Each structure stands twice: as C-alpha cells, then as structure tokens.
4 protein chains.
Amino acid sequence: MTAGTTRDRITQTALKLFTAKGYDKTSLREIAEHLGVTKAAVYYHFKTKEDILTALFAERIRPVEALIAWMQGQAPGPSTRQEALRRYAAEVAHVTPLFGIFQDNGGALRNLAIAATYRDVMKGLMDLFLDPEADLASQLRCVLALLVVHGAPQALAGIGNSTKEERAAALAVALELLVSADSARFLLGDAHASEAQLPL
Amino acid sequence: MTAGTTRDRITQTALKLFTAKGYDKTSLREIAEHLGVTKAAVYYHFKTKEDILTALFAERIRPVEALIAWMQGQAPGPSTRQEALRRYAAEVAHVTPLFGIFQDNGGALRNLAIAATYRDVMKGLMDLFLDPEADLASQLRCVLALLVVHGAPQALAGIGNSTKEERAAALAVALELLVSADSARFLLGDAHASEAQLPL
Amino acid sequence: MTAGTTRDRITQTALKLFTAKGYDKTSLREIAEHLGVTKAAVYYHFKTKEDILTALFAERIRPVEALIAWMQGQAPGPSTRQEALRRYAAEVAHVTPLFGIFQDNGGALRNLAIAATYRDVMKGLMDLFLDPEADLASQLRCVLALLVVHGAPQALAGIGNSTKEERAAALAVALELLVSADSARFLLGDAHASEAQLPL
Amino acid sequence: MTAGTTRDRITQTALKLFTAKGYDKTSLREIAEHLGVTKAAVYYHFKTKEDILTALFAERIRPVEALIAWMQGQAPGPSTRQEALRRYAAEVAHVTPLFGIFQDNGGALRNLAIAATYRDVMKGLMDLFLDPEADLASQLRCVLALLVVHGAPQALAGIGNSTKEERAAALAVALELLVSADSARFLLGDAHASEAQLPL
DNA sequence: AATGAATGAGAGTTCATTCAT
DNA sequence: CATGAATGAACTCTCATTCAT
C-alpha cells in the first residue's frame, strides 16, 4: 500500500485498457492520462510498454504454473486430468481477462517475448493432457476441453448468460470431452469410439 | 488473370502479410514494397487500408453465406445441422486463413466495419445451430462444434499434423458434439443428461 | 458546341468547385468525378490545374479590360469615373464569383502567375480612379468605391438581401464615396473637381 | 518570458508563416524547421495544426470582445458607434495581421471551427453597428466603416504609405461613413440621428 | 517519485502529374 | 479523346522512448 501504489495502479489500468482496446491500440499516453500522471511517470516504473504486460502476466500466470506442478506430482491418468480441469476452471476464472489479451492480440503480440512465454506455459499444460500416441480426434478433444473452460466466457459472450452458470456448463462440457478422449484411448485400435457418445 | 493483375497481387500479398504479422502491424509500405510498387499505386486500387481487408473478406465470405441460405431452405433438425457442419468443413477450409485474421486481431479490428460484418455473418450461422431454449451446455456444444471445424488448423498448429487428417478429426469431433447436444435436447426436461455421456 | 464541349464543362465545374470549396481544396479528382470523366481526361484539355484557373480567368477578365480601355479613351475626371463605376457595376456583376476565388484564396494563390495578372489588371483599373497627389483619405475613398461595387455581394452575405437591391445600394454608396473623394480634392484646389460632387 | 518559450516561439513563427504563405500552404515541417525543432516537438505543444491557429486567435480576439462588451454597456446611438470605431482603430490595429489570415484564407479555413468563431465575433460586433430597419445603403455604409478601419492596411498595401497615416485616414473615412449612415437614418425619421452628421 | 520537453521513426492518406495504350 | 496505372513528394498526426531537472 505504501510502496508500489502507483506501480499497481498502472498495471491495473493497463489490464483494463489492454482488455478493452487491445494492447497495440492502447498507448502509454492513454494509460498515463487515465491515472492522472505523465507518461514519464509510467516510465519511471516500467522500462518499457512490454514490461507492463510482462508484469501483468507474471502476477497472474502463477496459478497455471502451480497447476502444472501439481499434475506433475500426480500419477498421470483420467482422474488426474479431470481433477486438473476442475482446478483450472476454479483458479483460472479470474485470470481469464488477461488471457483474452493474448487471444485477441495474436497479431499485435507475436513478437513480444512474453507471448512466447505464455505459449510455452500453455503448451506445457496441454502436454500433460495430451497423449501423443492417441489418435488425432482424442487429442483434439483434450485441446477443446482445456479451451472450453479457458475461453467459454468470451465464446459465449454473444449469448449472454450469467458468468457463473456459464462456467459450470463449460466445465461440464469440458469433462465430457475429456472422458470421451479417454474412452477412445481405452478402446485401443477403435478409431472413433462412436458408441460411447450415443445417447441412451 | 489478364485484367486486374496488380489489384489481385495486392490482395494476395495483403492476405499473406495480414496473416503473418497481423493487420495493424502490416503497413502499406510493406505491402507495396513486397510488390515492387509505390504506396500510391496501392492507393490507386484501394481507397483505404481497410478496403483491402474488406475486399479480401468479400471474396471469401460467400461460401458461408451460401451455407446459411442452404440451411434456411432446409427443415431445421439434427440431420440438417450435421450436413451443414460437413459442408462447412468442406467449403470453408481454404478460407480459414482469412478468418484467422479476425481471430488474431480482435484488438486491432474492433473498430473496423468489416469486423462487425464478419461477426454478424458468423452469428447468423451460429443461430441456425443454436436452440435458444436448450440448456447452456448444449448451446456450448454447438458453439464448440462450429468452432472446432472452423479453428482446428490454428488450434492444432502447435501439434503440427497433416492438414487433411486434422480436418477429418475436427469434423468427427464436431459431429460428436452436435449429436451430444441434440441428445440432450431430446431428453427434454432433463437439465444435464449427464449420465448419457458417461462411457460405459 | 461540337468542339470543346468537355473543355467547357471542365471550366464550368471548376468555377463552381473553386468558388464553393476554394482552389486548393478542390482536387482534380473531384473535378473529374463531378464530370464523370477521368483525371487524365482533364489533363488532355489542360496541361495544369493552374491552367484551368487561367482559362477561367481569361474568359472573364475581358469586360474589366474593356472598361480600362474605355476610361483611357475618355477625358479623366469625376464624371468619367462615375460612369466607369456604373459600368463596372453593370458588367462585372456576373463575373464576381470568379473574383471571389482570388479574394478568398489569397493564401493559396499567392504563387500562381494568374494571381499576379489579376492584381495587375485590378491595379490598372484602380490607378485610373486614383489621383496619386490626392490626400490619403481620398485615395481610400476611391479604393472603397471600387471595392464596394466589387465586393458587396460577399460583404452583405450575412445580411441577406436580394442581390439586385444590394447592387443598387452598393452603387449608390460607391458613387457617394467617389463624390466625396472628388469634393475633397476640389476643396484642396484640384482642377478636376466639379460642382456636381457637392452633396445636396 | 521564462516559461513557455518554445510554445510562444511556435505561435509567433506560425503567425509569421500563416500570414506570409497562407494557413494551408504552411506545413508543420516548415514551422518546426524555422524553429530548429522537430515536428513532434510542435505536436507536444499543440495537439493539432488547427490548435495553433486557435491559440493565435484566442490571444488576439480579446480586445474585440472587450469592445463588444463596452458597446453593450453604452446607450446605443451615433456617438457610441463613433467612439467604438475610434477604439477599434486604436486597439485592433496590431491584431490585424491575424485577421488577414482569415480574410486571405477563406477557402482554406472554411471548415475550421475557429473560423466560425471568428465570423461569430465579427458578426456580433457588426450587429451593434447595424440598424436592421435602416435602408440597405446605410447598412452598407456601416459595414464599410468597420471594414475600412479593419482592412485598410491590406487594402492599401499596393499604395504603400506609412501605416500610421493610413490608419488615421482610414478612421477619418470610416467616421464619415458612419455619420453618413446616421444622417440617412435621420432623414428617414430615425430618432437617434443628430444634426452633427449633416454635411457642411 | 515524477515532470516537461523533445526526438526519430513511421503510419495512412492525398495530390498533381505522366505516359503507354 | 480519353483511360488505367503508376509515381514522387508532401502532408497531418501518433507512438514509444529518453533525459535533464
């Protein structure tokens, strides 16, 4: 509260603006003006515009890294993956807006170091869900499972439901996909595992 | 082929660069230099940078509109939706890079008229898949179904499989999701139909 | 009618646009578009944008030159000047919009050869009204006399009366100023002044 | 003098250049180069090219507004108008070059907000001189009276006399016109006119 | 801890003009 | 008589960044 107050206000404002208008379309002038300080003041706290994003990211990526660490300490398998998904849904929800920046600004961020880091972390998480020997469809199901808990808020924005219910539905569908992937894996050699999906 | 050579070369180069570096990060100077002409030459063919994107889009959105028209001519129902998904996969594949621009540049494009058009067309298609009275999870499944055939190439880019197989897998998973959504719908009154998905 | 049709349409359109928006703010593209032809077509008829203005001017400056010639053929004196003013009012009225271009675009035209020509012609006319040995105030009155018949339409635009009455009033005031100038000259012992100028 | 040095140098240079070459024909590059700074430095002090003109204007229009306020505090009538004219000549003289910009650049400035403001202020002043029920000629005389003290320097530029004498002559002629206007009013039964205006 | 002033690079856009066809 | 294509120069303006104070 005493130290770093301004620094924090900068990151907060930046997150708000980056999310609302995109990283590239948010200028340092805007950030500074929103805070009632000068650009130079921002530069006192951050060497670079990119540094703001980096700080933003570092503050918020930890739960994901913690989740990765947790998974690495468990025996791999369906139940671990399912529990991981549940945890991801629970812990990553409030972080989502940050990730929206990466999703929405692929073009703008392609050259930033932090974007590579983000991709690496996400890939690391993904790799713990994927069985490289499984068939393509199953891999896709896993990717989708993560993606749906990750991105449901954005994806459903057009439909407009309460965020809480959305997340519950997203988790349900995600688990469904995971289960489906695992069952395909289980029925080794069967390319489609089609009967598993038949409603009964 | 004979007429409009330069104009076409502009759109092609622009598509390549917009996809590779993002819309905002691609300057008209770059486009012009890639073509060995001056910026002014580009402006002879397109009144605006945005116009290039608009032309790009107009050339390529037609199959989606055709699909929408086709669906509107069919009786709504699971089999129509499934066939629509198959057609989408077949006809939209070669268009995907364009859409990647929209996906990747949400931030940069938010204010462009063409982005709104894109969203409108996509929403129109989506609405033909969604049953507004179905439960949230089923709606999500439909969204995902479209999204996976639409975005699989990008989503799997990190895994790097042959595009052809990818699309087949994406379609399989998408159909699976559609079926799952319809089965939930079928079990009217049951909010979750959760056991139906359990692999047995 | 057969030859030069397009040429004439160009000058007419140019006059309209130059008057409405200013010379500099009117681009050749606009002129061409208003006519439904290409810029290159305009360049077929005029080597230069300035050439259009020059042609416009040449077509319309003749009455002023004729007036100058007429004055030079008369004995200098109050009655000649008064008659000249009357003729100016009568013959220059329909030309005024062209001169508005020069008045309104001093900045824009300062470097154009035609602007110098315009100034020279006007100066030539003025010199026939001015007695270089008269006192400053009288010279000013003469300048004003010409200026008021010349510019009354523009000057009174804000008040908004019928053009015809405006011109009558302008001429009346202009003659008044001339008379006043001459009477001052007379009172200082000038040989040219006649009794006709005394008010009443 | 100590603070705002650069800002002031910008407005001064801009005034000089706007006057010499016209607003449109003066580029920011030129202004910057004349000052030995970069374009961006100019943009640090003024958000817009138009802003420079606006600042220029705001600094200099005050005497005119003060004059308007003074007139509004007086009883309307010939002597007030005459005194107002004298004050205008005294206080507005050093401001004239600015107004020359507006006079000379009608075309270029038509769309600038500041030009509308200028016209409004001038119209406000004019309205205090004009009797809307007077005859057209008298209205013209009033307009001319203002115009001649306002524009004499420019109008007489071709004749080239000492500015001081010019202004005296301009004021004399202007007062003459005012008197003439009021006497006409009197002869038509207006209550304000006094015998002082009758020539002799 | 923060400011005011300035910079260099580059963006999109517009214009008058040219020339082969 | 006219077009389509292209150019070079200029323009206003914005941005991330630096630095002395």
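Atom set for the values below is all heavy atoms of this structure, side chains included, hydrogens, waters and symmetry mates excluded. Every chain is numbered from 1 and lettered A, B, ... according to where its sequence line falls, protein lines coming before strand lines. Everything quoted here is computed from the prediction, not taken from an experiment.
- Side-chain nitrogen and oxygen atoms of D:Arg29 include none within less than 4.0 Å of the OP1 or OP2 phosphate oxygen of F:dA10.
- At least one side-chain nitrogen or oxygen of B:Ser27 sits closer than 4.0 Å to the OP1 or OP2 atom of E:dA11.
- Of the two residues contacting DNA chain E, namely B:Glu30 and A:Thr38, the nearest-nucleotide position lying further toward the 5' end is that of A:Thr38.
- The distance between atom NZ of D:Lys25 and atom P of F:dT12, rounded to the nearest whole Å, is 12 Å.
- If you check E:dT17, F:dA16, E:dA2 against the side chain of C:Leu28, the one that comes closest is E:dT17.
- Annotation for B:Glu30 and B:Lys25: closest pair OE1-O, 3.3 Å, computed over non-hydrogen atoms.
- Rounded to a whole Å, the CZ atom of B:Phe46 is 12 Å from the P atom of F:dA6.
- Salt-bridge annotation for B:Lys39 and B:Glu33: absent, with no side-chain N of the basic residue lying under 4.0 Å from a carboxylate O of the acidic one.
- Between the CG atom of D:Asn111 and the C1' atom of F:dT12 there is a distance of 15 Å, given to the nearest Å.
- Nearest to the side chain of D:Lys49, among F:dC11, F:dT12, E:dG12, sits F:dT12.
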Name each donor-acceptor pair under 3.5 Å that joins a side chain in residues 50-59 of chain A to protein atoms two or more places apart or in another chain, with its distance.
residue, atom, partner, partner atom, Å
A:Glu50, OE2, A:Ala113, N, 3.0
A:Thr54, OG1, A:Glu50, O, 2.9

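- In terms of position on DNA chain F, the residue among C:Tyr44 and A:Lys47 whose nearest nucleotide sits closer to the 5' end is C:Tyr44.
- In the interface, the side chain of A:Lys39 is paired with the base of F:dT17 through a donor and an acceptor atom under 3.5 Å apart.
- The residue among B:Val37 and A:Tyr43 whose nearest nucleotide of DNA chain F lies closer to the 5′ end is B:Val37.
- Between the CG atom of D:Asp24 and the C1' atom of F:dA10 there is a distance of 13 Å, rounded to whole Å.
- The distance from the OG1 atom of C:Thr26 to the NZ atom of C:Lys49 is 6.5 Å, given to the nearest 0.5 Å.
- Put simply, CG on B:Leu35 is 15 Å from C1' on F:dT7, counting in whole angstrom units.
- When the C1' atom of E:dA11 is taken as reference, atom CD of B:Glu33 falls 13 Å away, rounded to whole Å.
- Atom OG1 of B:Thr19 sits about 4.0 Å away from atom CG of B:Leu15, to the nearest 0.5 Å.
- Each of A:Ala41 and D:His45 was matched to the nucleotide of DNA chain E holding its nearest heavy atom; the match closer to the 5' end belongs to A:Ala41.
- Taking OH from B:Tyr44 and OG1 from B:Thr6, the interatomic distance works out to 10.0 Å, rounded to the nearest 0.5 Å.
- When every heavy atom of C:Val42 is checked against every heavy atom of C:Ile10, the shortest pair comes out as CA-CD1, 3.9 Å.
- Helix-axis bend for the helix from E:dA2-F:dT21 to E:dT21-F:dA2: the local axis fitted to the five terminal pairs at one end deviates from that at the other end by 20°, rounded to 10°.
- The phosphate of F:dA6 has OP1 or OP2 within less than 4.0 Å of a side-chain N or O from B:Thr6.
- Separating the CD atom of A:Glu50 from the P atom of F:dC15 is a distance of 18 Å, rounded to the nearest angstrom.
- Using a 30° and 60° split on the angle between ring planes, C:His150 and C:Tyr118 fall in the tilted class, from 30° to 60°.
- Distance CD1 (C:Ile31) to P (E:dT14): 17 Å, rounded to an integer number of Å.
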